[in-house]
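For reference, the structure discussed in these notes is given below.
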Amino acid sequence: MAYSWRSFAVLLFTLHVEACRPAPQPSTSCDSVDRGYQCRPEISHFWGQYSPYFTVQSEIDASIPSGCEVTFVQMLSRHGARDPTASKTKTYNSTVAAIKKSTTSYGPGYEFIKDYEYTLGADQLTTFGQQELFNAGVKFFHRYEKFARSTLPYFRASGEDRVVESAQNWTQGFHQARLAAGNSDQDPFPYNILTISEDEGFNNTMSHSLCTNFEEGPNDEIKHNAQAIWKSVWLPPITARLNKNLPGANITADQTVSIMDLCPFNTVANAAGNISEWCSLFTEDDWHGYDYYESLDKYYGYSYGNPLGPTQGVGYTNELIARLTNSSVDDHTSTNSTLDGSADTFPLGLPLYADFSHDNDMTAIFSAMGLYNATAPLSNDTIETTAETHGYSASWTVPFAARMYVEKMTCGSDEELVRVLVNDRVIPLQNCGADALGRCTLDAYISSLTFAQSDGFWDQCFT
Ligand SMILES: *[C@@H]1O[C@H](CO)[C@@H](O)[C@H](O)[C@H]1NC(C)=O
Ligand SMILES: *[C@@H]1O[C@H](CO)[C@@H](O)[C@H](O)[C@H]1NC(C)=O
Ligand SMILES: *[C@@H]1O[C@H](CO)[C@@H](O)[C@H](O)[C@H]1NC(C)=O
Ligand SMILES: *[C@@H]1O[C@H](CO)[C@@H](O)[C@H](O)[C@H]1NC(C)=O
Ligand SMILES: *[C@@H]1O[C@H](CO)[C@@H](O)[C@H](O)[C@H]1NC(C)=O
Ligand SMILES: *[C@@H]1O[C@H](CO)[C@@H](O)[C@H](O)[C@H]1NC(C)=O
Ligand SMILES: *[C@@H]1O[C@H](CO)[C@@H](O)[C@H](O)[C@H]1NC(C)=O
Ligand SMILES: *[C@@H]1O[C@H](CO)[C@@H](O)[C@H](O)[C@H]1NC(C)=O
Ligand SMILES: *[C@@H]1O[C@H](CO)[C@@H](O)[C@H](O)[C@H]1NC(C)=O
């Protein structure tokens, strides 16, 4: 199926009208358990990794196939919506201050800036972001209710506050859904969450840091170069429009990106996810370019566009293999052999696992798993194909509260099949003879993960 960007946006808009009817579940007006964020989808689904989670249209029916029984689920979730990082929040604050100081008049639609006060914090989950994770726990419970009534996932979270808190909020939603389903409260709450430090010197498969040539090498340059070319194509007319409407402000290209960032960040700073006024300064096309700009950051920073990107996801993929096959971890990259060698901190043979991490790490993990490997490399100067034919964009893969489900299922025989969903979209498996539903047999899937099994290019980290 080949939609254009625009017809896809129209499709989403149609769905949005339906989704904005009052929902019966605990949710904010723009966000719901089942479909995620659905206000102004024609723009809000194009905010790159700053889009709030929304259910992504799946070419393959994403429901559990009839006649099949899910036997195992590994979830990997991004933390919920947060404030800007500390350095970005300073930049945004000073950008707003500079505009207010030097602008001599405000064009139509720009008047609100005069009274706008910058109040965003730094790094922490927002109230809206907490609710996203609560909702994610509810949603997971209902999809996998058969297991989830009687067994708890084994939980791990990477050590940064917003990730750990996201895991906690997820368990709150999961627990409440469990109680609401009439489950007796047999498991003491709060549940245990294994926290793995992100501090220097720690091996953490959910937070990259060990691979010297990746951390200190030319990687930032690779992604910045690709983004710089795209900026030179996409931004000039937008910057010119801002300068026309904010005479005297002398806004630069980088400031234009900051001003666009203010839209998603002010939106998720609102507990209801109400669309920020900043969003209205930009057109749908502007946002398509923005989504592409952020997709370049992920693709050339942590995925196939970066020589050492996918390697950062190898440790996690080898842990996934261990869990899928009920056998000990075989990895020589970022796993911690003490943790992974103990049944207390890396139990095998369980049906449910839930891990919590970051967008960049998840991007590397998806790539080490071979997901999206069939898509053409992202061009640095044009959005040459649609999101569908690429199958890849930052907003579809790692929005706030993104979640991957790796499922094993049996369908009438003992043979186990594997399937992967990213934000409710089935991502057909590569190189293992996937069937029409995107699934491979467990054996074929494991055999296809040669990149991870051979430690990726880890040897190139230290040469
Ligand atoms: C923004 O910058 C001003 C001036 O430096 C400072 O007083 C204010 O606290 C900052 N606001 C935020 C929310 O960071
Ligand atoms: C999220 O967790 C925090 C702290 O654990 C709690 O204060 C907050 O109420 C939770 N929010 C939701 C929506 O569960
Ligand atoms: C591995 O995990 C153990 C147990 O938590 C911890 O004591 C140790 O510092 C960790 N080592 C590395 C290199 O991460
Ligand atoms: C941009 O893409 C072109 C075509 O693939 C490539 O030759 C060029 O090196 C790229 N430039 C940068 C700076 O990434
Ligand atoms: C705008 O900024 C540019 C570069 O920062 C500078 O060269 C130029 O003089 C400025 N123009 C005005 C009108 O302030
Ligand atoms: C969000 O917008 C609705 C409708 O305009 C309004 O009633 C509500 O108070 C707003 N919520 C917040 C938290 O600002
Ligand atoms: C941590 O990772 C390094 C690099 O691969 C490895 O040499 C070391 O043995 C690992 N430490 C543990 C405790 O697994
Ligand atoms: C996993 O392996 C262990 C020991 O090797 C075995 O006791 C257990 O039944 C297995 N679990 C599953 C779910 O296959
Ligand atoms: C991606 O596909 C290429 C070509 O089929 C293959 O060489 C490579 O190993 C794959 N990468 C991963 C991580 O699966």
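By convention here, the first residue in the shown sequence is residue 1. All ligand and atom numbering here is 1-based and tracks the order in the structure.
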Pair [X] + [Y]: ring centers closer than 6.0 Å:
{"X": "Phe128", "Y": "Phe400", "value": "no"}
{"X": "Tyr292", "Y": "Trp234", "value": "no"}
{"X": "Tyr290", "Y": "Phe46", "value": "no"}
{"X": "Phe72", "Y": "Tyr353", "value": "yes"}

For ligand 1, which atoms, with element, lie under 4.0 Å from some heavy atom of Tyr118?
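Contacts of ligand 1 toward Tyr118, numbered from 1: 13 (C).
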
Quick check on contacts: which atoms of ligand 1 are under 4.0 angstrom from a heavy atom of Leu120?
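Counting atoms of ligand 1 from 1, those under 4.0 Å from Leu120 are 13 (C).
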
Protein non-hydrogen atom below 4.0 angstrom of atom 9 (O) of ligand 1 present:
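When distances to the protein are checked, atom 9 (O) of ligand 1 has no heavy atom within 4.0 Å.
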
Protein heavy atom under 4.0 Å of atom 4 (C) of ligand 8
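Flag for atom 4 (C) of ligand 8 set to false, no protein heavy atom closer than 4.0 Å.
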
Closest approach of any protein heavy atom to [atom], naming residue and atom:
{"atom": "atom 13 (C) of ligand 8", "answer": "Gly349 O, 3.6 Å"}
{"atom": "atom 2 (O) of ligand 8", "answer": "Asn326 ND2, 2.3 Å"}
{"atom": "atom 11 (N) of ligand 2", "answer": "Asn169 ND2, 2.9 Å"}
{"atom": "atom 14 (O) of ligand 2", "answer": "Gln172 OE1, 2.8 Å"}
{"atom": "atom 7 (O) of ligand 2", "answer": "Gln130 NE2, 4.7 Å"}

Is any N or O atom of Glu165, backbone or side chain, closer than 3.5 Å to an N or O atom of ligand 2?
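Glu165 vs ligand 2: no N/O contact under 3.5 Å.
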
Are any of the N/O atoms in Gln131 less than 3.5 Å from those in ligand 2?
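It does not: no N or O of Gln131 is found under 3.5 Å from an N or O of ligand 2.
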
Look up atom [atom1] in [X] and atom [atom2] in [Y], then write down how far apart they are to the nearest 0.5 Å.
{"X": "Asp340", "Y": "Ser342", "atom1": "CG", "atom2": "OG", "answer": "9.5 Å"}
{"X": "Asp31", "Y": "Gln131", "atom1": "CG", "atom2": "CD", "answer": "7.5 Å"}
{"X": "Ile238", "Y": "Thr283", "atom1": "CD1", "atom2": "OG1", "answer": "6.5 Å"}

Does NZ or CZ of Arg403 come closer than 6.0 Å to the centre of the six-membered ring of Tyr53, within 45° of the ring's axis?
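Judged by the rule, Arg403 and Tyr53 form a cation-pi pair.
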
My understanding is that we take every heavy atom of each candidate and find the minimum distance to atom 6 (C) of ligand 1. Doing that for Asp83, Thr89, Asn93, which one comes out nearest?
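It is Asn93 whose heavy atom sits nearest to atom 6 (C) of ligand 1.
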
Which of the numbered atoms in ligand 2 are below 4.0 angstrom from a heavy atom of Gln168?
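Atoms satisfying the 4.0 Å criterion: 5 (O).
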
If the cut-off is 4.0 Å to any non-hydrogen atom of Phe134, which atoms of ligand 2 fall inside it?
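This gives 14 (O) as the contact atoms.
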
Mutual orientation of the aromatic rings belonging to Tyr302 and His208 [parallel < 30°, tilted 30-60°, perpendicular > 60°]
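Tilted.
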
